[in-house]
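Everything below concerns the one structure shown next.
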Amino acid sequence: MRGLAVFISDIRNCKSKEAEIKRINKELANIRSKFKGDKALDGYSKKKYVCKLLFIFLLGHDIDFGHMEAVNLLSSNKYTEKQIGYLFISVLVNSNSELIRLINNAIKNDLSSRNPTFMCLALHCIANVGSREMAEAFAGEIPRILVAGDTMDSVKQSAALCLLRLYKTSPDLVLMGEWTSRVVHLLNDQHMGVVTAAISLITCLSQKNPDEFKTCVSLAVSRLSRIVSSASTDLQDYTYYFVPAPWLSCKLLRLLQCYPPPEDGAVKGRLVECLETILNKAQEPPKSKKVQHSNAKNAILFEAISLIIHYDSEPNLLVRACNQLGQFLQHRETNLRYLALESMCTLASSEFSHEAVKTHIETVINALKTERDVSVRQRAADLLYAMCDRSNAKQIVAEMLSYLETADYSIREEMVLKVAILAEKYAVDYSWYVDTILNLIRIAGDYVSEEVWYRVIQIVINRDDVQGYAAKTVFEALQAPACHENMVKVGGYILGEFGNLIAGDPRSSPLVQFNLLHSKFHLCSVPTRALLLSAYIKFINLFPETKSTIQEVLRSDSQIRNSDVELQQRAVEYLKLSSIASTDVLATVLEEMPPFPERESSILAKLKKKKGPGAVSVNELEEGKREGGELNGGGERGGDSSAIASTPSPSADLLGLRAGPPVTAAAPSAGSLLVDVFSEAGVNDDGFLRFVCKNNGVLFENQLLQIGIKSEYRQNLGRMYLFYGNKTSVQFVTFTTTVTCPGDTLVLEPLIEGGAQVQQVINIECLTDFSDAPLLNIKFRYGGALQNLTLKLPVTINKFFQPTEMASHDFFQRWKQLSLPQQEAQKIFKANHAMDTEVLKAKLLGLGMALLENVDPNPENFVCAGVIQTKAQQVGSLLRLEPNAQAQMYRLTVRSSKDTVSKRLCELLAEQF
Amino acid sequence: MRFMLLFSRQGKLRLQKWYTATAERDKKKMVRELMQVVLARKPKMCSFLEWRDLKIVYKRYASLYFCCAVEEQDNELITLEVIHRFVELLDKYFGSVCELDIIFNFEKAYFILDEFLMGGEIQDTSKKSVLKAIEQADLLQEVLIYCYIDQVDL
């Protein structure tokens with residue numbers, strides 16, 4: 001295509017961006033006129049122009065025409081035209097439904113053409129686009145092509161991978177059912193290419209449906225064994241730099257990792273033999289000096305080691321694997337050192353190989369110090385963390401601390417957490433722990449998150465033996481002319497509690513302590529100052545001799561008239577407290593903090609979930625989530641230094657943002673530390689039902705995020721305030737929310753208020769009655785990981801109730817009027833909560849209806865009336881709830897003028913009592 | 001594999017192949033960011049790095065960087081050899097390939113990649129099979145071939 005080549009050189013010769021754009025616009029105009037012209041274009045010209053458009057698009061410009069011509073080309077029976085047509089369609093996917101219909105038609109024709117080249121092109125296109133529409137059209141057809149006896153090998157390969165792609169995008173549409181066993185038997189296919197392609201599909205399907213595909217294990221083992229034992233030339237073109245079928249071997253080993261060790265002894269024996277052979281081969285002299293040879297060979301070796309670690313049952317193999325990796329730790333290839341460190345990390349968690357891994361400690365420490373590539377150093381740090389136990393904790397923590405002084409910014413936060421956890425976990429004497437954490441703050445204060453310094457305070461408070469030492473150490477640390485604000489926080493808290501333990505020494509007399517703390521005051525942020533004020537009032541209690549000095553400070557304008565409400569309030573209250581309360585009262589109010597309930601550290605919970613890269617299963621996630629929920633309470637309490645102070649402003653609690661340093665986008669790396677707690681698919685509706693009878697509360701909470709809700713409703717309108725609280729010390733990046741409403745029943749207008757990033761207001765209008773709640777989708781980046789969460793917003797039909805008061809007579813008259821069978825919904829259900837009349841009343845009132853007294857002849861029963869206001873109509877509803885205390889059951893009857901409303905109300909309420 | 005990029009030392013994108021649906025805007029952003037990260041790395045550094053939630057495997061051949069983004073559990077070394085095999089295929093087809101070949105015959109480069117990888121997975125590792133498919137297609141160039149189906153009129 002000369003014209004295309006000329007055009008490409010023209011573009012390359014353009015001296016400036018402007019010239020390039022000019023040339024492109026000229027070409028676009030030309031192509032457009034050719035496409036629109038009266039003269040029909042021949043296939044060659046069409047191909048040329050479509051190719052030019054493709055080139056322009058790949059340069060990064062938008063292309064909004066040419067699709068029709070491309071579809072034209074792909075329906076051609078000239079191969080090259082068809083090929084270009086398909087390429088264009090695959091690259092510039094378009095969602096125009098008419099166009100998709102035409103494309104699907106052409107694909108269908110090619111699939112049934114029985115011409116293997118055409119079939120492959122069509123399959124490629126399906127795989128490239130991989131849209132839901134494509135899956136709907138072809139997911140049924142492709143398995144047939146894949147297993148048909150007369151399908152050419154090349155087509156089988158394409159069909160297998162095409163199906164895999166569709167399965168990944170729309171698993172619900174790809175039903176293997178009857179094909180399962182024939183697909184598994186593709187592992188026995190004579191053509192190595194077919195096996196290579198099919199195994200990718202089988203692996204993916206096995207991960208999702210292990211039981212249905214478990215016959216693949218023995219087939220995979222025997223295939224692997226044949227490859228491993230073959231000579232390097234047996235497999236001809238599938239031998240890669242003297243390594244027989246490296247890709248297939250890796251994939252077979254990966255497939256086996258979807259399953260536990262084979263139960264059949266013979267199969268297992270054969271597999272162990274394979275793994276031993278692979279380990280043996282690593283010791284043989286290389287057959288070629290080429291890096292490709294060693295890469296291919298080692299790729300298999302690492303995959304085999306992954307399988308050995310996955311099984312975690314063969315001590316002999318585990319130790320051999322560890323020794324092999326140990327050799328790689330000192331290999332001259334950076335790639336191998338990197339992978340050895342990574343792989344050893346998982347080995348360290350196995351009881352069989354933990355000791356063997358530990359023998360490499362010096363090499364790993366050396367790597368941390370000398371590797372020139374930060375990604376390798378990161379792996380070394382990970383491995384040190386993984387191999388740490390009581391015997392080497394002091395050494396490892398010391399090395400990590402000294403590394404922190406020069407560590408790259410990108411990994412500091414993670415390193416800090418790791419040091420903090422190791423120090424706590426393996427602390428034999430707590431003075432070492434306190435030293436370590438204070439060092440941490442000194443070296444990398446900006447990266448010390450709240451959890452870390454909360455935790456050190458918790459531990460000091462709970463352990464009498466370390467309190468004096470802690471007070472002495474913080475006092476010394478605070479002497480430094482420039483010390484980090486986190487140090488001031490810890491210092492303030494600890495001296496406020498235990499300053500008396502070192503007050504005997506004239507060098508740290510009460511007044512010296514106070515002056516030291518107060519010298520830092522003016523450089524600190526508001527939350528730290530608030531904490532210091534609390535420390536001061538504690539001083540007044542501990543050391544009456546400081547009272548006048550401190551009162552003086554509190555009385556000064558900069559405190560008592562501080563523009564910050566929290567500071568001002570504390571100053572005023574503490575001043576008053578110190579002047580009017582008697583010593584006894586003061587001593588009681590300002591008593592030493594009671595020990596914190598012994599709970600697991602919240603930072604530990606964070607890291608517990610990192611079991612090694614990729615090793616986190618959904619189960620562990622859920623477990624982690626539960627833990628996290630509980631533990632956060634502990635963490636927060638630890639840091640709540642305002643427990644003795646006045647009420648903290650609620651917005652500050654919810655925000656949780658102002659403590660902790662702002663971190664630039666490049667710095668946080670905690671994402672890799674925390675697992676993606678939202679990664680479970682599906683909608684989270686745990687909180688949803690709790691809001692049927694109330695309007696305010698916490699809708700959702702996990703380790704990262706808390707979402708609070710306040711809402712108000714009037715007539716058919718409502719307004720909901722969502723409060724997003726970041727519970728971490730790191731900024732969430734690209735935080736976006738979308739609200740969607742199924743059907744056209746509600747109008748929701750989300751408004752994000754300018755400036756206040758944490759509050760979102762949603763205006764709600766109810767158009768007609770509805771059952772499905774609107775969904776709130778939240779996406780943000782935490783560290784590196786994208787967090788994605790979908791919640792049901794608690795907007796339910798009963799929110800639009802207007803209570804209606806009526807007398808007994810009216811009630812029964814209306815009750816009878818609503819006597820059509822579909823107008824009534826009834827449910828009989830067991831009580832979930834205690835049957836307390838007052839609680840029931842409160843819940844029914846919260847529902848939004850009027851609770852009518854003296855209507856039902858039986859005083860135990862409750863009746864309610866109300867009108868639901870929607871834009872389209874008003875729906876009158878009556879309700880009767882009959883508790884049966886003996887049986888612990890309820891009968892709930894709802895009647896309303898619209899059947900869907902009765903049904904929905906009944907469903908909602910049945911979960912409430 | 002999530003995507004593969006080919007770009008030059010000067011940061012010009014020469015080929016991009018995405019194996020998961022990604023919005024154009026995000027693609028551009030990711031390409032820009034990743035090029036910056038990779039181009040900043042020194043020659044002796046390791047070929048793997050963690051980037052966002054992906055593992056990046058890259059290798060430089062003359063003036064071109066070949067860069068693959070793979071999933072957490074994928075094998076890095078074998079991915080490195082995927083790149084090498086692709087380079088070999090290009091080399092064999094073009095006869096000692098250079099950047100210009102890929103610029104001027106970009107569509108051929110895409111066809112070769114498509115024959116080798118599909119949906120991000122290896123279709124065939126045999127050099128012969130892949131090249132046979134491409135060469136067959138070239139033989140068909142401009143030759144009317146018998147079609148088994150009725151032509152669709154548009």
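Since the model is a prediction, treat every value here as computed from it, not as a measurement. Letters A, B, ... are given to chains in the order of the sequence lines, protein chains preceding strands, and every chain is numbered from 1.
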Counting C-beta onward and ignoring hydrogens, is there a side-chain heavy-atom pair between Thr169(A) and Ser131(A) closer than 4.5 Å? no
State, with a plain yes or no, whether a side-chain heavy atom of Tyr93(B) is found less than 4.5 Å away from one of Leu89(B).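 Tyr93(B) vs Leu89(B): side chains apart.
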Non-hydrogen atoms of chain A under 4.5 Å away: do they reach the side chain of [X], the backbone, both or neither?
| X | result |
| --- | --- |
| Arg14(B) | side chain |
| Glu121(B) | both |
| Lys17(B) | side chain |
| Leu15(B) | neither |
| Val82(B) | both |
| Leu13(B) | neither |

Test the Lys82(A)-Phe118(A) pair against the cation-pi criterion, namely NZ or CZ under 6.0 angstrom from the six-membered ring centroid and within 45° of the ring axis. yes
With a 4.5 angstrom heavy-atom cut-off, which part of [X] approaches chain B: side chain, backbone, both or neither?
| X | answer |
| --- | --- |
| Phe57(A) | side chain |
| Cys162(A) | both |
| Ser375(A) | side chain |

Charged N to carboxylate O below 4.0 Å: is that the case for Lys47(A) and Glu107(B)? no
Flag the pair Trp247(A) / Tyr240(A) as yes when their ring centroid distance falls below 6.0 Å, and as no otherwise. yes
Asp26(B) atom CG, over 12 foreign heavy atoms within 6.0 Å: yes
Return the option, out of Ala296(A), Ala127(A), Ser200(A), with the maximum number of heavy-atom pairs under 4.5 Å with chain B.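 The candidate making the most pairs under 4.5 Å is Ser200(A).
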